[in-house]
Asks: 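Can you keep this structure in mind? I'll have questions shortly.
The figures here come from the full heavy-atom set of this structure, side chains too, leaving out hydrogens, waters and symmetry mates. Quick note: residue numbers are just sequence positions, from 1.
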Amino acid sequence: MTGNMTEGQSAHGPKHKRNVTRRKVVVAGGAAVAAVGVGGTIAATANAGQTAASAKGASASATSSATSTAAEGCYKLTSETTEGPYYIDADKLRQDITEDREGIPMTLRLKVIDNETCKPIRNAAVDIWHCDALGLYSGYEDLSSGGGGGGTPPSGTPTDVPSGTPTGSPTGPPPGGGGGGHQEPTDDKRYLRGTWKTDKQGFVTFKTVFPGWYQGRCVHIHTKVHVGGTWTDAGYEGGNTCHTGQFFFDEESVLASAEVEPYSTSTTERTTLTEDTIYDQSGTAGGLLKLKYKKNAIAKGVLGTITMGVDPNATHEGTDDAVQPGASETASASASASETETETASAS
């Protein structure tokens, strides 16, 4: 993983399947945080979804028991997710990843801690990437399936329909990019991608826009956490990827965003949070962000916070076979068993 130490870009690439590997991840937030969104200031206190265990004044054995209880209560198990088809290894290091993208301004405040000790992990490299307000991914505009601008669908009976049995193996991703291996970038754009390091308290903050949606997936942001490497003038090198996951948005916030331009111009059918095949419905432990914004004024800005508990010694690249977005587990299992099965999933 390399990069440019000036504020520049980040990256995208592989496919979207659901990894059944499980690991320990912290329940949201942990500390009071504040962020300034475009057009106004948004203050929020992250809700520590942690069990407080204190045994002051107790016997040594009771204290030991309480300490154990506290350690167990500071995280919850969650699933690693796939990195999706549009990950690009970091080639720009920056906190503001917005570039020229229009949309609701968003501040993303993340914290990374060791899932065993609950101590913050400093100098970890955190990647985030997501589509724009109309569902397009930078680097893959020709492959991603944005739905803005309307347009008239084709009508009538197609002519020159091919006949016979197709030969050879299909190439490229299915519609929307679901399935297949890592896709090489088709353009040099890098908006809404960024990599930055955690501070001594384990925090890292990004400035971006509220993501839009595309066929087969609910609104989400991808993330990776890299540890054990070295920060150099060229960027971040070496180490291991200890977490690959996704952040999700509650339905209320998504519906509110859909009333604001340019989101309101999207013609793409939206997949809800409960319909999504990647989100495991486990709340914050599964990547659900804690969001703060002014009611009836989401256009002024959103603050999203979450704490990720990771195993620094683990390796989770997010490239294993798993459930495809937009497809049932049964269908995905069948597709994995037979390479000739047609994948109907949409990209993540």
Side-chain angles (χ1 to χ4, degrees), residues 1-5 7-14 19-31 33 46 50 71-72 74-84 87-95 97 108-130 182 193-206 208 221-247 284-287 289 304-320:
M1 172 177 180
T2 59
N4 185 325
M5 289 301 290
E7 295 207 351
Q9 310 166 252
S10 165
H12 236 113
N19 191 323
V20 296
T21 302
R22 297 195 64 81
R23 71 178 193 81
K24 301 168 185 175
V25 169
V26 172
V27 184
V33 296
Q50 305 173 345
E72 293 174 12
C74 76
Y75 58 78
K76 285 188 176 182
L77 291 173
T78 195
S79 297
E80 292 284 327
T81 70
T82 75
E83 64 183 22
Y87 173 65
I88 306 172
D89 197 8
D91 58 5
K92 292 285 186 178
L93 305 178
R94 59 185 179 180
Q95 290 178 278
I97 66 175
L108 190 62
R109 174 86 160 159
L110 311 174
K111 185 174 184 179
V112 182
I113 69 172
D114 185 307
N115 69 333
E116 292 293 341
T117 66
C118 294
K119 293 182 179 180
I121 297 179
R122 64 185 303 176
N123 291 327
V126 179
D127 300 331
I128 67 166
W129 70 98
H130 61 86
H182 168 77
R193 299 173 180 273
T195 301
W196 201 250
K197 61 183 176 181
T198 56
D199 62 20
K200 63 182 179 180
Q201 296 179 324
F203 284 105
V204 62
T205 301
F206 292 96
T208 184
I221 294 175
H222 294 268
T223 189
K224 280 181 178 284
V225 178
H226 311 273
V227 297
T230 303
W231 289 93
T232 69
D233 290 341
Y236 189 82
E237 301 177 356
N240 58 293
T241 302
C242 65
H243 175 57
T244 298
Q246 295 179 30
F247 304 131
T284 308
L289 291 168
T305 61
I306 196 168
T307 297
M308 297 177 283
V310 303
D311 178 357
N313 298 314
T315 297
H316 294 294
E317 297 286 351
T319 56
D320 295 341

Asks: Looking at Gln201 and Asp199, what are the two nearest heavy atoms and their distance?
Replies: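 Nearest pair, atom of Gln201 first, then Asp199: N-OD1, 2.9 Å.
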
Asks: How far does CD1 of Ile128 sit from CD of Gln95, to the nearest 0.5 angstrom?
Replies: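 Answer for the CD1-CD pair, Ile128 versus Gln95, is 10.0 Å.
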
Asks: Once rounded to the nearest 0.5 Å, what's the spacing between atom OG1 of Thr223 and atom CD1 of Ile306?
Replies: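 One gets 9.5 Å once the value is rounded to the nearest 0.5 Å.
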
Asks: Measure the spacing between OG1 of Thr307 and CZ of Arg109 and express it to the nearest 0.5 Å.
Replies: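 Reported value, rounded in 0.5 Å steps: 10.0 Å.
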
Asks: Give me the atom names and distance for the closest heavy-atom approach of Lys200 to Pro120.
Replies: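 Here Lys200 and Pro120 meet closest at O-CG, 3.9 Å.
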
Asks: Is Asp311 close to Glu116 at the side-chain level, that is, under 4.5 Å between some pair of heavy atoms?
Replies: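 Counting from C-beta outward, Glu116 and Asp311 never come under 4.5 Å.
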
Asks: Between atom CZ of Phe203 and atom CD1 of Ile113, what is the distance when rounded to the nearest 0.5 Å?
Replies: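 Going from the CZ atom of Phe203 to the CD1 atom of Ile113 covers 10.0 Å.
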
Asks: Check Ile97 against Phe206 and note the closest heavy-atom contact, atom names and distance.
Replies: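 Closest approach of Ile97 to Phe206: CG2-CD2, 4.4 Å.
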
Asks: Between Asn123 and Trp231, which heavy-atom pair has the shortest distance, and what is it?
Replies: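 So the minimum-distance heavy-atom pair works out to O-NE1, 2.9 Å.
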
Asks: Measure the spacing between OG1 of Thr195 and CG of Asp89 and express it to the nearest 0.5 Å.
Replies: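 So the gap between those two atoms works out to 7.5 Å.
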
Asks: Are side-chain heavy atoms of Val227 and Val225 found at a separation under 4.5 Å?
Replies: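 They are in contact (side-chain heavy atoms under 4.5 Å apart), so the answer is yes.
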
Asks: In sequence, state the C-alpha distance, the side-chain angles, and the governing distance for Lys197 and Arg122, and then conclude on side chain to side chain contact (heavy atoms under 4.5 Å, CB included).
Replies: CA-CA 8 Å; Lys197 61 183 176 181; Arg122 64 185 303 176; over 6 Å; no

Asks: Quick one: are Thr241 and Asp127 in side-chain contact, heavy atoms under 4.5 Å?
Replies: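 Sidechains of Asp127 and Thr241: no contact.
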
Asks: Evaluate the side-chain proximity of His222 to His130: yes if any heavy-atom separation is below 4.5 Å, no if none is.
Replies: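 His130 vs His222: side chains apart.
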
Asks: Is there a side-chain contact between Leu93 and Trp196 in this structure, where contact means two heavy atoms from C-beta onward sitting under 4.5 Å apart?
Replies: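 SC-SC contact between Leu93 and Trp196 confirmed.
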
Asks: Would you say that Lys224 contacts His316 through its side chain, given a criterion of any heavy-atom pair below 4.5 Å between the two side chains?
Replies: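 In short, these two side chains do not touch, never coming nearer than 4.5 Å.
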
Asks: Without swapping roles, check the side chain of Asn240 against the backbone of Pro312 for a donor-acceptor pair under 3.5 Å.
Replies: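 Pair found, side chain donor or acceptor close to backbone of Pro312.
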
Asks: What do the steps show when you test Thr319 against Thr244 for side chain to side chain contact (heavy atoms under 4.5 Å, CB included), and what is the final call?
Replies: CA-CA 9 Å; Thr319 56; Thr244 298; over 6 Å; no

Asks: What distance do Thr305 atom OG1 and Leu289 atom CG have between them, rounded to the nearest 0.5 Å?
Replies: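 Between atom OG1 of Thr305 and atom CG of Leu289 there are 7.5 Å.
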
Asks: If only atom types and distance count, is the side chain of Thr198 paired as donor or acceptor with the main-chain N or O of Ala124 below 3.5 Å?
Replies: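 Side chain of Thr198 to backbone of Ala124, a donor-acceptor pair under 3.5 Å: yes, one is there.
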
